[in-house]
Colleague: 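Please find one structure pasted underneath; my questions will follow.
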Amino acid sequence: GDREFRQAKAPDVFRVLVLGTGVSFGNGVDDEHVYAGILERKLNKGGRRTYEVYNMAIPGSTTDIGVRELQRVTGEFEFDFVVFCYGVNDGLPMFEKPVERYAGTLMELVHHRKAHDISMLVAVEPRSSFYPWPYEEYKKQFDTIVTGDPAMDVIDLPAVLDEVEKHHGLRLVREGTT
């Protein structure tokens, strides 16, 4: 969207930051269908509180860039909650980021969250046939490090997509499929 970022927020506003890759940014998707905008519209339907969802995702970014962005905005930008969704770019050969580096970055994320008492929802991006990456290796590190932080809310996007398909009889379109 074209909303201007404001560092300070009104006292009656609950602000959510979305940090992620092109998937969160909405590459190739009309603004009205980007999940950050959908989330803001849904949250504001109740009318009891005002919600602002700022999409600060960066196409082509990796988990370490996301952690640096979170570190940069902490203390200078008022927010109440963070959605943090990365993974696929970390595992692409062109970025040459071994799974051990990914694990170290996740440990930095957990440490920063604890040090600043940040409420977060963290997700690893789902498998992708369009972008082949060693998903299982990265998911194992994610499960060990992030899920081990009891204060961290974690969403398993691949499992959510599988459950939606199974229980609602839907066939979801996924990257690289027709």
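Quantities reported herein were computed from a predicted structural model and do not represent experimental measurements.
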Colleague: What are the two closest heavy atoms between E125 and C85, and how far apart are they?
Modeller: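 Scanning both residues completely, I find the closest heavy atoms to be CG-SG, 3.7 Å.
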Colleague: Do E40 side-chain atoms and V53 backbone N/O form a donor-acceptor pair below 3.5 Å?
Modeller: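 Pair found, side chain donor or acceptor close to backbone of V53.
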Colleague: Is V88 close to Y138 at the side-chain level, that is, under 4.5 Å between some pair of heavy atoms?
Modeller: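 No, too far: nothing below the 4.5 Å cut-off.
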Colleague: Taking the side chain from R101 and the backbone from D64, do they hold a donor-acceptor pair closer than 3.5 Å?
Modeller: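 Not a single qualifying donor-acceptor pair exists.
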Colleague: I need the minimum non-hydrogen distance between V110 and V146, along with the two atoms involved.
Modeller: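 Heavy-atom minimum between the residues: CG2-CA, 4.3 Å.
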Colleague: Once you round to the nearest 0.5 Å, how far does CG of L43 lie from CD1 of I38?
Modeller: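 So the gap between those two atoms works out to 12.0 Å.
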Colleague: Can you see which heavy atom on L70 is nearest to which on F79, and at what distance?
Modeller: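 The answer is CD1-CZ, 4.2 Å.
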Colleague: Are side-chain heavy atoms of D80 and K9 found at a separation under 4.5 Å?
Modeller: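 Yes, side chains in contact.
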Colleague: Keeping the roles fixed (side chain from R15, backbone from A8), state whether a donor-acceptor pair exists under 3.5 Å.
Modeller: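 Between the backbone of A8 and the side chain of R15 there is a qualifying donor-acceptor contact (under 3.5 Å).
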Colleague: Can you find a heavy atom in the side chain of Y86 that is under 4.5 Å from one in the side chain of V122?
Modeller: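 A side-chain contact under 4.5 Å is absent here.
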Colleague: At their closest point, which heavy atom of Q141 faces which heavy atom of A103, and how far apart are they?
Modeller: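 Heavy-atom minimum between the residues: OE1-CB, 3.2 Å.
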Colleague: Does the side chain of Y51 come within less than 4.5 Å of L39's, by heavy atoms?
Modeller: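 When only atoms from C-beta onward are counted, Y51 and L39 do not touch, as no gap falls below 4.5 Å.
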Colleague: Any heavy-atom pair between the side chains of D143 and K139 that's under 4.5 Å?
Modeller: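 In contact.
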Colleague: Would a hydrophobic clustering, with Ile, Leu, Val, Met, Phe, Trp and Tyr connected at side-chain separations under 4.5 Å, put Y102 with M120?
Modeller: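 Shared cluster, yes.
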Colleague: With sequence neighbours excluded, tell me which residues meet ring pair (Phe, Tyr, Trp, His ring centres under 6.0 Å) with H111.
Modeller: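 Per chain and number, H111 pairs via ring pair (Phe, Tyr, Trp, His ring centres under 6.0 Å) with no residue.
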Colleague: Apply the test salt bridge (Lys or Arg N to Asp or Glu O under 4.0 Å) to residues R72 and E69: give CA-CA distance (whole Å), side-chain angles for both, the deciding distance (0.1 Å), then the verdict.
Modeller: CA-CA 5 Å; R72 182 183 68 78; E69 273 299 291; 2.8 Å; yes
Colleague: Between D12 and R49, what is the shortest heavy-atom contact and its length?
Modeller: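 Between these two residues, the closest heavy atoms are O-CG, 3.7 Å.
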Colleague: Apart from I58 itself, what residues make up its hydrophobic cluster, given side-chain heavy atom links below 4.5 Å?
Modeller: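 Members other than I58 - counting any ILVMFWY side chain reachable under 4.5 Å - are I65.
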Colleague: Please check if any side-chain donor atom of S24 sits under 3.5 Å from a side-chain acceptor atom of Y35, or the reverse.
Modeller: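 Judged by distance alone, the side chains do pair up.
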Colleague: Output yes when a side-chain donor or acceptor of D90 lies under 3.5 Å from a complementary backbone atom of T63, and no otherwise.
Modeller: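 Checked: pair present.
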Colleague: Could you measure the distance from the CG atom of L17 to the CG atom of N55? Nearest 0.5 Å is fine.
Modeller: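 With rounding to 0.5 Å, CG (L17) is 10.0 Å from CG (N55).
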Colleague: Return the CD1 to CG distance between I145 and L109, rounded to the nearest 0.5 Å.
Modeller: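 Nearest 0.5 Å value for the CD1-CG distance: 10.0 Å.
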Colleague: Do V99 and K140 come close enough that some side-chain heavy atom pair is under 4.5 Å?
Modeller: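 Not touching, per the 4.5 Å side-chain cut-off.
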Colleague: Does V13 belong to the same Ile/Leu/Val/Met/Phe/Trp/Tyr cluster as V83, with side-chain heavy atoms less than 4.5 Å apart forming each link?
Modeller: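 No, V13 and V83 fall in different hydrophobic clusters.
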Colleague: At their closest point, which heavy atom of T74 faces which heavy atom of H112, and how far apart are they?
Modeller: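 Nearest heavy atoms, T74 then H112: OG1-NE2, 3.0 Å.
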Colleague: Between V67 and F84, is there a side-chain heavy-atom distance shorter than 4.5 Å?
Modeller: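 Counting from C-beta outward, F84 and V67 do come under 4.5 Å.
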Colleague: Taking side chain as C-beta onward, heavy atoms only, is E108 less than 4.5 Å from R68?
Modeller: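 When only atoms from C-beta onward are counted, R68 and E108 do touch, with a gap below 4.5 Å.
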Colleague: Centroid-to-centroid, F77 to Y54, below 6.0 Å?
Modeller: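 Centroid separation for F77 and Y54: below 6.0 Å.
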Colleague: Can a side-chain donor-acceptor contact be found between N89 and T21 if the only test is distance below 3.5 angstrom?
Modeller: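 The criterion, which ignores hydrogens and geometry beyond distance, is not satisfied for N89 and T21.
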